[in-house]
Amino acid sequence: MRDQQLRAILHLDLDAFYASVEQRDNPALRGKPVIVGGDPQGRGVVATASYEARKFGVHSAQPCRLALQLCPDAIFLRPRFQVYRAISQQVQAIYRRHTSLVEPLALDEAYLDVTSLVGEESAAARVAREIKQEILEQTSLTASAGVSYNKMLAKLASAHQKPDGLTVITPEAAPAFLEALPVGKIFGVGDVTEARLKDMGITTGKELKQLSLKRLQERFGKRGTDLYHFVRGEDGRRVEPDQERKSIGKETTFERDTSDRDEMRSVLGHLAEQVESRLAELSTAGKTITLKLRWYDFQLVTRSTSATSPIQDAQTMMRYLRPLLDQLLTGNRPVRLLGVTLSNLVSHDGLNRLEQLRVPSLWELAGEEESE
Ligand code: DCP
Ligand code: MG
């Protein structure tokens, strides 16, 4: 049996996120079909579409060319990731004022564990309502919230009434909710599993629930066990907050100011190794590396580079640090202090999660490998 301690979990998901931001920032786009993504003349795909465009069958991950055919009047826009990221930070700050147990799943999506704040679902719903209100006041965007006793149900709940919804699934209501659900909506059921279930004559949660654990295991292996539990509303996954820490750095002051580049490189190497061990300890890695340098006259300069994938080892750090140092050492000016900092940290869990976000149907892919 899985961990069945009843918790109060919220799932929050902003509505038509990128498109809503574009409509917010440009009133001329409001009420219009807006598609954010690639070039409609090229090979790009739709990142998201406003609800006005969705009426025409436009959806995420669809080729833009097809979206244009479905909705010739659509206004196509390129994403403004920096703006979306800033809003994401703003919204996450709202969440963190309510609880430290916040697990972001995407820029616009997060789980919150509010068990310590509430005694019952109605109180959890109140927290959800407050958060929705704060998001609206501070960003002018709407979010849909799901409230339940585990992650799977909270996520199903937030998707239940979009946009601007608030759905509570109580332990009493969960069985009926899950029984009525098309199997494809159940966590862990991708296209492949859905098709195999359909071959067995199973299309709803209710039908799935009639299959014994043994039968499910025979048919789907380990996944069968998961399905057995999920369709019964059993999901023991915890809300795993991202690491609070923002950066990890080490610095050192020379005993005597120096202009010797070899000495500086060797010191940087030691600092990088120390940072590496700290990152490993905390099971994290950083995407932005910063070189800090204080001249003999105490003047401070910093230089940063961002890598495409997170850095954890000293050798890779040095590949970035050496050119940064060379850029600064144009004359013979003595240096007093050097420092190395890694920021933009990602936890290994976070890394895995991001991987999953890029491939939303990870389960389906796994299913494909399994099937003949
Ligand atoms: N996104 C993307 N590619 C995808 C799915 C999503 O680039 N295949 C981006 C654009 C979305 C954002 O991520 O705005 C959030 O994804 P959601 O799945 O939450 O979709 P929306 O917020 O756009 O719509 P909804 O109202 O259904 O949540
Ligand atoms: Mg969303």
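Indexing begins at 1, ligand by ligand and atom by atom, following the structure's order. Because the structure is a prediction, the values reported are computed rather than measured.
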For [X], take its heavy atoms, then give the atoms of ligand 1 lying under 4.0 Å from any of them.
{"X": "Ser60", "result": "4 (C), 5 (C), 8 (N)"}
{"X": "Arg54", "result": "21 (P), 23 (O), 24 (O), 25 (P), 26 (O), 27 (O)"}
{"X": "Phe17", "result": "14 (O), 21 (P), 22 (O), 23 (O)"}

*Heavy-atom neighbours of Lys185 NZ exceed 12 at 6.0 Å*: no
*Are more than 12 heavy atoms from other residues, nucleotides or ligands located less than 6.0 Å from atom CD of Glu137?*
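Buried by this count: over 12 neighbours within 6.0 Å.
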_Shortest-distance N/O/S atom, Asp108 versus the Mg ion (ligand 2)_ = OD2
*Identity of the nearest option to atom 26 (O) of ligand 1, non-hydrogen atoms only, from Tyr51, Tyr18, Phe81*: Tyr51
Does [X] make a cation-pi contact with [Y] (under 6.0 Å, within 45 degrees of the axis)?
{"X": "Arg237", "Y": "Phe187", "answer": "yes"}
{"X": "Arg97", "Y": "Tyr95", "answer": "no"}
{"X": "Arg256", "Y": "Phe254", "answer": "no"}

*Would you say Ala16 has any N or O atom under 3.5 Å from an N or O of ligand 1, going by distance alone?*
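By distance alone, the answer is yes.
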*Would you say ligand 1 has an N or O under 3.5 Å from any N or O of Glu109?*
no
_Heteroatom test (N, O or S) for Ala143 near the Mg ion (ligand 2), limit 2.8 Å_ =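 Ala143 does not place any N, O or S atom closer than 2.8 Å to the Mg ion (ligand 2).
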*Take the angle between the ring planes of Tyr84 and Tyr18 and call it parallel below 30°, perpendicular above 60°, tilted in between.*
parallel
*asked:* Between Thr288 and Ser304, is there a side-chain donor-acceptor contact under 3.5 Å, judged purely by atom types and distance?
replied: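 Absent: no donor and acceptor within the cut-off.
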*Applying a 4.0 Å heavy-atom criterion (strictly less than), which segment of Val36 is in contact with ligand 1: side chain, backbone, both, or neither?*
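Contact part for Val36 vs ligand 1: neither.
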*Could you please compute the angle at the Mg ion (ligand 2) from O of Leu14 to OD1 of Asp13, rounded to 10°?*
90°
